[in-house]
Participant: 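The structure follows.
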Amino acid sequence: MSAAPRPGERIVHRTAAGGLYEPAPTGRPVDLDTLREDIRAGRRFVVLQEDTGTECTIDVLLSILTLALPDTLAWLAPPRPRHSTVRQHEPPPPPRTGTA
């Protein structure tokens, strides 16, 4: 679904690799912190996928929230593998018998 920006909205394009930039004439890169400041200041923006023109503002807003609230949103992240001191390919050492 292609979105037509409203008057006064900042237009940002997202590349296939996830980079954000303002389209011509400036072509300046835009980072998530800048967009977060726009939100705080009450400025509106719309993010369009560069290759399709599809609106992806919600995806970018989720990225901003994830960066702003890492501990609160940690449950969204995939589980991390647990590190063990015993290597999986080695059997555990035999129990000690008490004789010296």
Participant: As a test of understanding, state which of Val12, Ile58, Thr54, Val30 forms a side chain to side chain contact (heavy atoms under 4.5 Å, CB included) with Val47.
Facilitator: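 Testing Val47 for a side chain to side chain contact (heavy atoms under 4.5 Å, CB included) against Val12, Ile58, Thr54, Val30 leaves exactly one candidate, Val12.
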Participant: By the salt bridge (Lys or Arg N to Asp or Glu O under 4.0 Å) test, which pairs, at least two apart or in different chains, include something from residues 11-26?
Facilitator: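 Residue pairs with at least one partner in residues 11-26: Arg10-Glu22, Arg14-Asp59, Glu22-Arg28.
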Participant: Do Tyr21 and Leu35 sit in one hydrophobic cluster, given that two such residues count as connected whenever their side-chain heavy atoms are within less than 4.5 Å of each other, even indirectly?
Facilitator: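 In one cluster: no.
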Participant: Show the numbers, then the answer: is there a side-chain contact (heavy atoms from CB on, under 4.5 Å) between Asp31 and Leu20?
Facilitator: CA-CA 7 Å; Asp31 60 12; Leu20 300 169; over 6 Å; no
Participant: To the nearest 0.5 angstrom, please state how far the CZ atom of Arg43 sits from the OG1 atom of Thr34.
Facilitator: 9.5 Å
Participant: Applying side chain to side chain donor-acceptor pair (under 3.5 Å), can you list everything that pairs with Thr57, at least two apart in sequence or on another chain?
Facilitator: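 Per chain and number, Thr57 pairs via side chain to side chain donor-acceptor pair (under 3.5 Å) with Glu55.
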Participant: So, using side-chain contact (heavy atoms from CB on, under 4.5 Å) as the criterion, who are the partners of Ile39 when residues are at least two apart?
Facilitator: Phe45, Leu61, Ile64
Participant: Measuring only between side-chain heavy atoms, which start at C-beta, is Leu48 closer than 4.5 Å to Cys56?
Facilitator: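 Result no, sub-4.5 Å side-chain heavy-atom pair not found.
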Participant: For Leu32 and Ser63, work out which heavy atoms get closest and say how close.
Facilitator: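 Result for this residue pair: CD1-CB, 3.9 Å.
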